[in-house]
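A short write-up of the structure that comes next.
As the structure is a computational prediction, the values presented were derived from the model and not from experiment.
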Amino acid sequence: MSAWADVLWGLVAAQAASRGGRVSVVDVCAVAARLAAADGAWVTVASARGPDFVMCVTGPGSEQLAELQLMLGEGPCHDVLASGAPVLAADLGDEVSGRRWPGFTPEARRAGAAAVFAFPLMIGAIRAGVMGMYRRAPGPLGPHFGDCLTLADAATVLLLDSAGDSEAADGNEAALNRDG
């Protein structure tokens, strides 16, 4: 692991310690949102059908955006799972976003999102989910793209680890209930 990845893991561990719990996916979301100057973040878990359920959010806005994608069947989470690549929409007010997600874009804008960024949670061919973030102001992700990729990898490890660990899964659920 690189020295910078160690720093990122340290930030995640400090976030978990600040809430008095074990490191979980919600801690990765909080750190990713803070580094990317995002207004919120979420993780959705995927099945073969696409995004399946929201695992964690950092607040009500994040929850609304994650749920919108599940309800509408379109949005950056769906595109990430289809392509296996990050989706960066720096301005939901542009024509491209409106054409790409005709249902999601106007609803996301009504919910206060002006930009969305989504990263695959995957190992090899296994697509376990998506980590997404949003901002209330349009603009590119900036210099933290690599950090977000590293944090998405961390979220993947924690997500897959918690699948067989009821205590870790309970920590993610408790964080969701507290933050949402």
Minimum heavy-atom distance Val80-Val130, with the two atoms named = CG1-CG2, 3.9 Å
State the CE-SG distance between Met55 and Cys29, to the nearest 0.5 angstrom.
-> 9.5 Å
Decide yes or no for Arg100 and Thr105: does some side-chain heavy atom of the first lie under 4.5 Å from some side-chain heavy atom of the second?
-> no
Just by distance, do the side chain of Arg19 and the backbone of Arg22 share a donor-acceptor pair under 3.5 Å?
-> yes
Donor-acceptor contact below 3.5 Å, side chain Thr58 vs main chain Ala41 = yes
Do Met131 and Val157 sit in the same hydrophobic cluster, where Ile, Leu, Val, Met, Phe, Trp and Tyr count as joined when their side-chain heavy atoms come under 4.5 Å apart?
-> no
Would you indicate whether the side-chain heavy atoms of Phe145 and Leu88 approach each other to under 4.5 Å?
-> yes
Taking all atoms of both residues into account, what is the closest heavy-atom pair of Ala108 and Leu68, and its distance?
-> N-CD1, 4.0 Å
Out of curiosity, Leu141 CG to Leu35 CG, how far, rounded to the nearest 0.5 Å?
-> 10.0 Å
Once you round to the nearest 0.5 Å, how far does OG of Ser24 lie from CG of Leu159?
-> 11.0 Å
Between the main-chain N or O of Cys77 and the side-chain N or O of Gln69, is there a donor-acceptor pair closer than 3.5 Å?
-> yes
Can you name the nearest heavy-atom pair linking Asp39 to Arg136, along with the distance?
-> OD2-N, 2.6 Å
Quick one: closest heavy-atom pair of Ala137 and Ala114, and the distance?
-> C-CB, 3.5 Å
Nearest heavy-atom approach of Ala152 to Leu121 is O-CD2, 3.2 Å
Side chains of Met71 and Glu107: closer than 4.5 Å at any heavy-atom pair?
-> no
Can you measure from CD (Glu67) to OG (Ser62) and round to the nearest 0.5 angstrom?
-> 11.5 Å
Trp101: which of Val96, Asp79, Leu72 passes side-chain contact (heavy atoms from CB on, under 4.5 Å) = Asp79
Within-4.5 Å side-chain heavy-atom neighbours: Phe119 and Leu151 = no
Measuring from Leu160:CG to Ile126:CD1, what's the distance to the nearest 0.5 Å?
-> 6.5 Å
Rounded distance (nearest 0.5 Å) linking atom CG of Leu149 with atom NE2 of His144 = 13.0 Å
State plainly whether one hydrophobic cluster holds both Met133 and Met122, where clusters connect Ile, Leu, Val, Met, Phe, Trp and Tyr through side-chain heavy atoms under 4.5 angstrom apart.
-> no
Under 3.5 Å: donor-acceptor pair, side chain of Arg135, backbone of Phe117 = no
side-chain contact (heavy atoms from CB on, under 4.5 Å) partners of Thr150, counting only residues at least two apart | Ala5, Leu8
Checking side-chain contact (heavy atoms from CB on, under 4.5 Å) for the pair Ser97/Arg109: CA distance, chi angles, key distance, verdict?
-> CA-CA 11 Å; Ser97 295; Arg109 292 187 70 204; over 6 Å; no
Does Phe104 offer a backbone N or O that forms a donor-acceptor pair with the side chain of Glu74 under 3.5 Å?
-> yes
Heavy-atom closest pair, residues Thr44 and Ala66 = CG2-CB, 4.2 Å
